[in-house]
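Report on the following structure.
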Amino acid sequence: MSKPQLFMATLFAVLITPALQAQERGAALVEEKVCFGCHQMAAVSIGPPWQAIAARHAPRKDVMLDVLASRIMHGGGGNWGLVPMVPNQRVNEEEAKILAAWVLAQAPQAGQ
Ligand code: HEC
């Protein structure tokens, strides 16, 4: 491997891999914690679709990461409709942050 290639490979390993792993972990957690029972990717279910949540909070992602993580753990209501989200008691703080980051990354790409 040439020096630039080695540099790029290292950069990828250091910067990109943890981000990808967090997204994979998030995708696994939404399945595991049965979030799809009330949420779907693009269609309204009992709860709002992931894409709509991500799109709404896109301008304030940094702040919303903690706010959403807290709502995921403790529940919340009045932001989307009449139905509140019940507390998800089997979600700890670390998992809630990974889930919030995953949700925030689901905004539809331009052109989709
Ligand atoms: C029993 C149904 C139900 C389950 C299970 C559920 N949710 Fe929700 N969720 C809702 C409803 C209803 C809302 C809209 C609440 C509102 O209007 O503020 C919501 C809102 C949200 C929001 C947006 C909050 C906001 O203020 O924009 C996020 C993020 C979210 N849910 C994530 C999750 C995750 C992650 C899980 C799995 C751990 C999960 N939900 C499981 C019903 C559910």
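Counting starts at 1 for both ligands and their atoms, following the listed order. Please read these numbers as outputs of a predicted model, since none were measured by experiment. For the numbers below, each heavy atom of this structure counts, side chains included, while hydrogens, waters and symmetry mates do not.
Counting non-hydrogen atoms of neighbouring residues, nucleotides and ligands closer than 6.0 angstrom, the CZ atom of F36 exceeds 12 such neighbours. Around CE of M41, the count of heavy atoms belonging to other residues, nucleotides or ligands within 6.0 Å exceeds 12.
Proximity annotation for atom 25 (C) of ligand 1: of W50, W102, W80, W80 comes nearest, heavy atoms only. Nearest to atom 21 (C) of ligand 1 by heavy atom, out of M64, H39, R71, is H39. For atom 24 (C) of ligand 1, the choice among V103, L82, L68, N79 with the nearest heavy atom turns out to be L68.
Hydrophobic clustering, with ILVMFWY side chains joined whenever heavy atoms are under 4.5 angstrom apart, groups V30 together with V67. Under the 4.5 Å side-chain heavy-atom criterion for grouping Ile, Leu, Val, Met, Phe, Trp and Tyr, F7 is connected to L15 within one hydrophobic cluster.
Atoms of ligand 1 found under 4.0 Å from any heavy atom of G81, numbered from 1 in the order shown, are 17 (O). Heavy-atom proximity to G77, at under 4.0 Å, picks out these atoms of ligand 1: 16 (C), 18 (O). Shown in contact with I46 at under 4.0 Å from a heavy atom are these atoms of ligand 1, numbered in order with element: 12 (C). Within ligand 1, counting atoms from 1 as listed, the ones closer than 4.0 Å to a heavy atom of G76 are 15 (C). Taking every heavy atom of G47 and a limit of under 4.0 angstrom, the matching atoms of ligand 1 come to 10 (C), 11 (C), 12 (C).
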Test side-chain contact (heavy atoms from CB on, under 4.5 Å) on H57 and L68 and set out the steps.
CA-CA 10 Å; H57 300 305; L68 292 187; 3.9 Å; yes
Please assess N79 against R71 for the test side-chain contact (heavy atoms from CB on, under 4.5 Å), listing each intermediate value before the final yes or no.
CA-CA 11 Å; N79 298 297; R71 284 186 193 151; 3.5 Å; yes
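Of the heavy atoms in H57, only side-chain atoms (C-beta onward) come closer than 4.0 Å to ligand 1. Only backbone heavy atoms of P84 (N, CA, C or O) come within less than 4.0 Å of ligand 1; its side chain stays farther off.
Ranking protein heavy atoms by distance to atom 12 (C) of ligand 1, first place goes to V83 O, 3.2 Å. Considering only non-hydrogen protein atoms, atom 28 (C) of ligand 1 sits nearest to I53 CD1, 3.8 Å. Protein heavy atom nearest atom 41 (C) of ligand 1, with residue, atom name and distance: N88 OD1, 3.5 Å. Looking from atom 30 (C) of ligand 1 to the surrounding protein, the closest heavy atom is M85 CE, 3.5 Å. From the protein, the heavy atom lying nearest to atom 13 (C) of ligand 1 is P48 CD, 3.4 Å. In this structure, atom 36 (C) of ligand 1 lies nearest to the protein heavy atom C35 SG, 2.9 Å.
Salt bridge present: R25 and E94 bring a charged side-chain N and a carboxylate O closer than 4.0 Å.
No heavy atom of E95 sits closer than 4.0 Å to any atom of ligand 1. Residue contact check for ligand 1: G78 places a non-hydrogen atom closer than 4.0 Å to it.
Using modelled atom types, one side-chain atom of E95 and one backbone atom of N92 make a donor-acceptor pair closer than 3.5 Å. In this structure a side-chain-to-backbone donor-acceptor pair under 3.5 Å is missing from K97 to L65. No side-chain donor-acceptor contact under 3.5 Å links S70 to the backbone of D66. Distance alone, capped at 3.5 Å, is enough to place a donor-acceptor pair between the Q106 side chain and the W102 backbone.
Checking I53, V34, I46 one by one against H39, the side-chain contact (heavy atoms from CB on, under 4.5 Å) holds for a single residue, I53.
Not a single N, O or S atom of C38, from either the backbone or the side chain, sits less than 2.8 Å from atom 8 (Fe) of ligand 1.
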